[in-house]
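Inspection log for the structure reproduced underneath, given as structure tokens.
Hydrogens, waters and symmetry mates play no part in the numbers below; they use all other heavy atoms, side chains included.
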Amino acid sequence: MTAKSPVQLYKYLLRCTKRLPPETQAYYKHHVKQSFKSHSDEDDPERIRQIIDRAVQDADWVLKKYGCDDK
């Protein structure tokens, strides 16, 4: 997945949380929302790209951890 904007990333990550086991979904959904809020004032395009790349890597890792990496 290649998100082009923070909003696309946010939507992608929320969709990923729906693939997790029900007992973990609330935790990761909250984490996604908090991370989005904490980085909402970022305006450096390079830093935004780094955040997006890292968030996608982390999401892939979490999905793999729970055995949900069958995209």
- Message: Within the structure provided, determine whether Y66 and R19 are in side-chain contact (heavy-atom separation under 4.5 Å).
- Response: no

- State, yes or no, whether a side-chain contact exists between P6 and S40 at a heavy-atom distance under 4.5 Å. no

- Query: Do you know the tightest heavy-atom contact between L9 and A55?
  - Reply: CD2-CB, 3.8 Å

- Euclidean distance, S38 OG relative to I51 CD1, rounded to 0.5 Å: 8.0 Å

- Message: Under the ring-ring contact (aromatic ring centres under 6.0 Å, His included) definition, can you give me all pairs with a residue in residues 14-33, not counting sequence neighbours?
- Response: none

- Task: Check for a donor-acceptor pair, side chain of T17 on one end and backbone N or O of L14 on the other, with a separation under 3.5 Å.
- Result: yes

- The reported gap from CD1 in I52 to OG in S5 (rounded to nearest 0.5 angstrom) is 6.5 Å

- Out of curiosity, C68 SG to D60 CG, how far, rounded to the nearest 0.5 Å? 12.0 Å

- Sorted by chain and number, sequence neighbours left out, salt bridge (Lys or Arg N to Asp or Glu O under 4.0 Å) with R49 holds for D53

- Note on the structure: Taken to the nearest 0.5 Å, the spacing of K11 NZ from L13 CG works out to 12.5 Å

- Could you list all the salt bridge (charged side-chain N to carboxylate O under 4.0 Å, His left out) pairs where at least one residue sits in residues 35-47, not counting sequence neighbours? none

